[in-house]
Participant: 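Below you'll find the structure I mean.
Note that the structure is predicted; figures quoted are calculated from it, not measured. Whatever order the structure lists them in is the order used to number ligands and atoms, beginning at 1.
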Amino acid sequence: MKNFLKIEDFSKEEIDLIFEKIDKVKKDYPSNKNQQNNLSAITFFSEPSTRTRFSFERALSYLKIPVISSSDASGSSSLKKGESFKDTFRTLSQYSDLIVFRHFDEKWVEYAKYSRVPVINAGNGSGEHPTQALLDLYTIKSELGNIENKNVLICGDLKLGRTVHSLIKVLAQNNCKILTCPSILYKHESLPPISLDLPSSYGFYPSIKINEVEDYLEDIDILYMTRTQKERIDEYNTAFFDFFKLDNRTINKLKDKCVILHPLPRNEEISEEVDDDPRSAYHERQIKNGLYTRIALIQYLLQC
Ligand code: NCD
């Protein structure tokens, strides 16, 4: 057995031998095109993830596409050494045919154009989460038959929650009537509360107060719940929050055909007591659709 620990471990002859091998690898190494059986992918995650990363990786293994995975990419890649997103994409795209990327800096998406292979946004800070929107929309269609003209109520942290930012655009495209109920952040007793509203760049939708929600529930077709993005709020440890909570009492006000969605993870906004209600799609159907959606998306982008 031979180690390679310093350059002198190889003689000049051995180096020549290795160069011959490199020439052969280079010649045989398939180009990115027309080699369906030799695709590979990178999942580059710099924020925590359970569903998104694992469903992408399961989707890739289902498609028999090997994956190079990093769950702590900002700490373990050269981003930590000050490398730019531009150079990171240039590099990653030399090793793979697809990059699935999540990072807390919203602006990374602007550098995806430097990749030579498709890049999927698995979350850019508080910006967007387009694959979640796709699976949410697919779930709505499979639960309700169609998406058009539905009454939607979106509750939670609309300011910092990226899933809503992507979803709201496609709901609007489908002529849904959208109502919002933002969480409230109390920074300090002496300061006025802050409403975690949807940023205006995502559109203007009527907003209702937490104590008014119950008056609207009977007309809602889609209830989309989200958690407060506490890790994105500096004052998290000292602040307190108020938000609409779905529990055994409030769920009774919803119609039988309503669908309840949550991108998860859930905190206190949905009580576990409603998990088994047939309208609750978040734990099984929505998650499973996430896998199917990502398989189909990869097939579509890689034409495989
Ligand atoms: C969401 C995310 O990461 O934006 N989770 C997910 O991908 N399913 C929602 C969240 O973190 O609140």
Participant: Under a 4.0 angstrom heavy-atom cut-off, which atoms of ligand 1 come close to Arg227?
Facilitator: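 Those qualifying, in numeric order: 10 (C), 11 (O), 12 (O).
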Participant: For His165 versus Leu160, what's the shortest heavy-atom pair and its separation?
Facilitator: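 The answer is CE1-C, 4.3 Å.
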Participant: Does ligand 1 have any atom that is closer than 4.0 Å to a heavy atom of Gly290?
Facilitator: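 No.
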Participant: Which one holds for Arg102 and ligand 1: side chain close, backbone close, both close, or neither close, with close meaning a heavy atom under 4.0 Å?
Facilitator: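 It is the side chain that touches ligand 1; the backbone stays farther off.
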Participant: Counting neighbours of OH on Tyr236 that are heavy atoms of other residues, nucleotides or ligands and sit closer than 6.0 Å, is the number greater than 12?
Facilitator: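 No, OH of Tyr236 has 12 or fewer neighbouring heavy atoms, counting only those of other groups under 6.0 Å.
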Participant: Please confirm whether Glu47 approaches ligand 1 to less than 4.0 Å, judged on its heavy atoms.
Facilitator: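 Per 4.0 Å heavy-atom rule, Glu47 does not contact ligand 1.
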Participant: Could you find the nearest protein heavy atom to atom 9 (C) of ligand 1 and give me its residue, atom name and distance?
Facilitator: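 Residue, atom and distance for the closest contact: Leu264 O, 3.5 Å.
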Participant: Go through it in stages, so that I can follow the logic: the residues are Glu128 and Asn121, the test is side-chain hydrogen bond (donor to acceptor under 3.5 Å, both in side chains), and I'd like the CA-CA distance, side-chain angles, deciding distance and then a yes or no.
Facilitator: CA-CA 8 Å; Glu128 300 239 5; Asn121 180 1; over 6 Å; no
Participant: Find all atoms of ligand 1 within a distance of less than 4.0 Å from any non-hydrogen atom belonging to Thr163, and give their numbers and elements.
Facilitator: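 What qualifies from ligand 1 is 1 (C), 4 (O), 9 (C).
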Participant: Under 3.5 Å, side-chain donor or acceptor atoms of residues 197-211 against the rest of the protein: list the pairs with distances, not counting sequence neighbours.
Facilitator:
{"residue": "Asp197", "atom": "OD1", "partner": "Ser195", "partner atom": "OG", "Å": "3.0"}
{"residue": "Asp197", "atom": "OD2", "partner": "Ser195", "partner atom": "OG", "Å": "3.4"}
{"residue": "Tyr202", "atom": "OH", "partner": "Gly127", "partner atom": "O", "Å": "3.3"}

Participant: Short question: side chain of Ser93, backbone of Ser115 - any donor-acceptor pair under 3.5 Å?
Facilitator: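 Checking the backbone N and O of Ser115 against the side chain of Ser93, no donor-acceptor pair under 3.5 Å is found.
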Participant: With a distance cut-off below 6.0 Å to the six-membered ring centre and an angular limit of 45° from the axis, does Arg102 pair with Phe45 as a cation-pi contact?
Facilitator: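 That pair does not qualify as a cation-pi contact.
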Participant: Considering only non-hydrogen protein atoms, determine which one is nearest to atom 4 (O) of ligand 1 and report residue, atom name and distance to 0.1 Å.
Facilitator: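 Answer for atom 4 (O) of ligand 1: Arg162 NE, 2.7 Å.
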Participant: Just checking, Lys245 and Phe243: is the charged tip under 6.0 Å from the six-membered ring centre and within 45° of the axis?
Facilitator: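 Yes; both conditions hold, so Lys245 lies above the ring face of Phe243.
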Participant: For Pro263, is at least one N or O under 3.5 Å away from an N or O on ligand 1?
Facilitator: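 Indeed, backbone or side chain, Pro263 has an N or O that close.
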Participant: Report yes if some N/O of His129 lies less than 3.5 Å from some N/O of ligand 1; otherwise report no.
Facilitator: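 Yes, there is a polar N/O contact under 3.5 Å.
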